[in-house]
Participant: 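Can you read through this structure? Questions will come right after.
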Protein chains: 2
Amino acid sequence: MLRNAPTLADVARLAGVSEITVSRVVRNKGPIAAGTRARVHEAIVKLGYVPNRAAGALASAASPLIGVLLPSLSNIVFPEVLRGIHTALAPTGYQPLIGVTDYDPLKEQHLLSSLLAWQPAAIITTGFEHTDASRQMLSNSRIRVAELMDIDAEPIDIAVGLSQRGAGFDTARHLISRNYRRFGYVGHDWNADHRARLRYEGLRGALAEAGLELKAEERFDGPSSTMAGRETLAALLSQKPDLDVVVFSNDDMAVGGFFHCLGAGIRVGQDLGLFGFNGLDIGQALPLPLSTIRSNRFAIGRIAVEKLMESSRRPEEKLVVDTGYQIIAGATA
Amino acid sequence: MLRNAPTLADVARLAGVSEITVSRVVRNKGPIAAGTRARVHEAIVKLGYVPNRAAGALASAASPLIGVLLPSLSNIVFPEVLRGIHTALAPTGYQPLIGVTDYDPLKEQHLLSSLLAWQPAAIITTGFEHTDASRQMLSNSRIRVAELMDIDAEPIDIAVGLSQRGAGFDTARHLISRNYRRFGYVGHDWNADHRARLRYEGLRGALAEAGLELKAEERFDGPSSTMAGRETLAALLSQKPDLDVVVFSNDDMAVGGFFHCLGAGIRVGQDLGLFGFNGLDIGQALPLPLSTIRSNRFAIGRIAVEKLMESSRRPEEKLVVDTGYQIIAGATA
DNA sequence: ATAAATTATGTCAGCGCTGTCATAAATCGA
DNA sequence: TCGATTTATGACAGCGCTGACATAATTTAT
């Protein structure tokens, strides 16, 4: 932006009104006579005026920015949440200011303070794992805060997501009802991905209730990926070949598992059941649609924004929105 | 952010120095005595001072923001570019302000003007297709501009990417050298995705040079996806079964094609060759690794930021960085 | 017709910071 | 030793906008 870009004052002069009137026209605020509005708009177009957001943010101690903290951009899950956020934000004039935490609460804390420096209207972050300092900043700021993906704990303000533990639990219930008994588990690094751990715990809980247990489990030491799923299933089966179903930490891993079976001549759905989590498109495009759980990621982002926008002040009551999950029966388990 | 958050003045008072000195300490600018610096830092920590970015941006007519315009977040390609941008940005203190254009130049134009209102240090956008007004805004602004993904036209300032046309061309050359002759093409909507069209044109160009042609082609009317690839290949083959290789507009589509073959009992690599574009992980995790072209998306984002950061003023010379592409021979063609 | 309410517009200070220019203190060179 | 540099700090205005508080013009009610 140039120093000599037209300002409110320039527009006001050209339209023959005061600056504040132009400001009101631009922000659609307060009563403006139709004729005045027209003249101002004309002047705006003529000069190519674009409001300086920094000045506006400073003067009003508020900005049309929404801080968004995402743990990762490496698989499609969080971009989809972001897409939901974006879709809901687009008609409002708010813009997302993004930070990527790499699943690191300390990084989240640093990013949070630089986001807060912009005086955003709201902050959207992921999960409930924050440093004390982050929590402090968020509650001090008094702006609206949404914590996404999980609803298994008490939010700072709004939580939007699904019960990760419940999803794990219902995975086991579903598979037990389909007469699977010899369960294996293939996961990835859950120091990073806390929600994968919650699903795992839910899974084990339901198995225990049914008097069952995991016959074998293997965790890939790194982030989830198709390749990791493929290799980790191979490792699991070489150690324990007589499983009748394997639950994966997510669809990326499960699709990899499917590919392993394809290569190894294992008939998926007959010799071995496979179950994922997320309901990604890729899983449903497989020759056998993947049995999995739909996690409604787009909706989580969209609904979070909608709820945040309902009021600029944080209400007394904390809000928890359960976006639910649906078991996709599929054909692999 | 609260109206009563500590300001520079509060820090200055506590440290017993002037505001400008605190400002200099915070920004690491100008000479500061070690003792002064220490006292200021102490005061900053004690008060939990966080600089108000809006004020800084207003006063200096510049902000530590980088405007990023992406066409889509629906598949993994642009999130990966964004990840590259993010990775390079993280140590610099700059933050990305994101807009999603849905491949619509007019939407891009609107987003551009709201990004520019923040007086960003630079703008990163995609491709060369902009409205005249966008082009105008970008050149008037004098800030650094990077146009990503394609290098087949003259950039406004910096272009970082690969020759899409060249990638299409070399796809054909490669397949011809492997004795494929009966080419089919499966694409998606290229009104949106202009680069897919460039690759297609490159492909046809190389075929023509070799005295060959596309025996059949089919374009899915919508964005690329695994399912679209699967269905569109089915349609193509039902119309023209005797192809020996099918080139897809990208890996998502090609993976879908692979799944179709799996279901239809077509032996990939023997009965029919498949070739993609992008070099996504998923393609390489297939039982037969997908034959495709690696497009170095992460590097495109990272290098764009690095080049943008080299100077805050736009140099006389336009810069084109070719991040290249590599043919991944794979096993499907 | 006149007070009361409503609508339309303006004045002014100040948001929190940084650029510019000035000044003071320390260091240097011959 | 004394001007010339270099280093360290400060005073001050002003970036472009908006909130609070008038005030003027118009409509409505009585």
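Here is how names work: the chains are called A, B, and so on, in the same order as the sequence lines, proteins then strands, and each is numbered from 1. What you are looking at is a predicted structure, and each value in this text was computed from that prediction instead of being measured.
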Participant: Picking from C:dT18, D:dC17, C:dC17, which would you name as closest to the side chain of A:Tyr49?
Facilitator: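 Closest of the options to the side chain of A:Tyr49: D:dC17.
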Participant: Nearest to the side chain of B:Thr7, which nucleotide is it out of C:dG16, C:dT18, D:dC17?
Facilitator: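 Of the candidates, C:dG16 comes closest.
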Participant: How long is the gap from CG on B:Leu138 to CG on B:Leu112, to the nearest 0.5 Å?
Facilitator: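 It is 4.5 Å, given to the nearest 0.5 Å.
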Participant: Report yes if a side-chain nitrogen or oxygen of A:Lys29 is closer than 4.0 Å to either non-bridging phosphate oxygen (OP1 or OP2) of D:dT18; otherwise report no.
Facilitator: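 Indeed not, no polar side-chain atom of A:Lys29 lies that close.
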Participant: Can you figure out which of D:dT18, C:dC17, C:dA8 approaches the side chain of A:Pro31 most closely?
Facilitator: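 My answer, after comparing the listed nucleotides, is C:dA8.
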Participant: Round to a whole Å and report the spacing from CD1 of B:Ile32 to P of C:dT18.
Facilitator: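 Checked: the CD1 to P distance equals 12 Å.
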Participant: Judged by modelled atom types alone, do A:Glu108 and A:His130 share a side-chain donor-acceptor pair under 3.5 Å?
Facilitator: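 Side chains of A:Glu108 and A:His130: pair found under 3.5 Å.
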Participant: Over how many whole Å does the gap from A:Arg37 atom CZ to C:dA8 atom P extend?
Facilitator: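 One finds 9 Å between P of C:dA8 and CZ of A:Arg37, rounded.
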Participant: Rounding to an integer number of Å, can you tell me how far B:Asn28 CG sits from D:dA8 P?
Facilitator: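 Result: 13 Å.
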Participant: Filter on side-chain hydrogen bond (donor to acceptor under 3.5 Å, both in side chains), then keep only pairs touching residues 300-312 of chain A, sequence neighbours left out; what's left?
Facilitator: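 Of all non-adjacent pairs touching residues 300-312 of chain A, those that pass side-chain hydrogen bond (donor to acceptor under 3.5 Å, both in side chains) are A:Arg302-A:Glu306.
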Participant: Report the residue (A:Ser18 or B:Leu8) whose heavy-atom-nearest nucleotide on DNA chain C is the more 5′ of the two.
Facilitator: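 Residue closer to the 5' terminus by nearest nucleotide: A:Ser18.
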Participant: Given C:dA8, C:dG16, D:dG19, identify the nucleotide with an atom nearest to the side chain of B:Ala55.
Facilitator: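 That would be C:dG16.
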Participant: Provide, to the nearest angstrom, the distance between the CG atom belonging to A:Asn52 and the P atom belonging to C:dC15.
Facilitator: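 So the CG-P distance, A:Asn52 to C:dC15, works out to 18 Å.
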Participant: Quickly work out the B:Gln119 CD to C:dT18 P distance and round it to whole Å.
Facilitator: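 My rounded result for the distance is 14 Å.
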Participant: Does a nitrogen or oxygen in the side chain of A:Thr36 sit under 4.0 Å from OP1 or OP2 of C:dT9?
Facilitator: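 Checking A:Thr36 against C:dT9: at least one side-chain N or O falls below 4.0 Å of OP1 or OP2.
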Participant: Under 4.0 Å: is that the gap between some side-chain N or O of A:Thr21 and OP1 or OP2 of C:dG10?
Facilitator: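 Yes, A:Thr21 has a side-chain N/O under 4.0 Å of OP1/OP2 on C:dG10.
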Participant: Looking at the side chain of A:Ala59, which of C:dG16, D:dT18, C:dA8 is the nearest nucleotide?
Facilitator: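 Nucleotide nearest to A:Ala59's side chain: D:dT18.
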Participant: Just by distance, no angles: are the side chains of B:Arg27 and B:Ser23 close enough, under 3.5 Å, to form a donor-acceptor pair?
Facilitator: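 The criterion, which ignores hydrogens and geometry beyond distance, is satisfied for B:Ser23 and B:Arg27.
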Participant: Start at the 5' end of DNA chain D and walk down; is the nucleotide closest to A:Glu19 or to B:Gly16 reached first?
Facilitator: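 Nearest nucleotide further toward 5': that of B:Gly16.
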Participant: Are side-chain N/O atoms of A:Gln119 and B:Asn52 paired as donor and acceptor at under 3.5 Å?
Facilitator: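 The criterion, which ignores hydrogens and geometry beyond distance, is satisfied for B:Asn52 and A:Gln119.
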Participant: Of the nucleotides C:dC17, C:dT9, D:dT9, which one has an atom closest to the side chain of A:Ala33?
Facilitator: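 Between C:dC17, C:dT9, D:dT9, the one nearest the side chain of A:Ala33 would be C:dT9.
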Participant: Measure from the side chain of A:Leu58, starting at C-beta and using heavy atoms only, and say which of C:dT9, C:dG16, D:dT18 lies closest.
Facilitator: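 Out of C:dT9, C:dG16, D:dT18, the nucleotide with an atom closest to A:Leu58's side chain is C:dG16.
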Participant: In whole angstrom, give the distance that lies between atom CD1 of B:Ile20 and atom P of D:dC12.
Facilitator: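 Distance, rounded to whole Å: 14 Å.
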Participant: Decide yes or no, distance alone: a donor-acceptor N/O pair under 3.5 angstrom between the base of D:dG19 and the side-chain of A:Arg24.
Facilitator: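 Side chain to base: no pair present.
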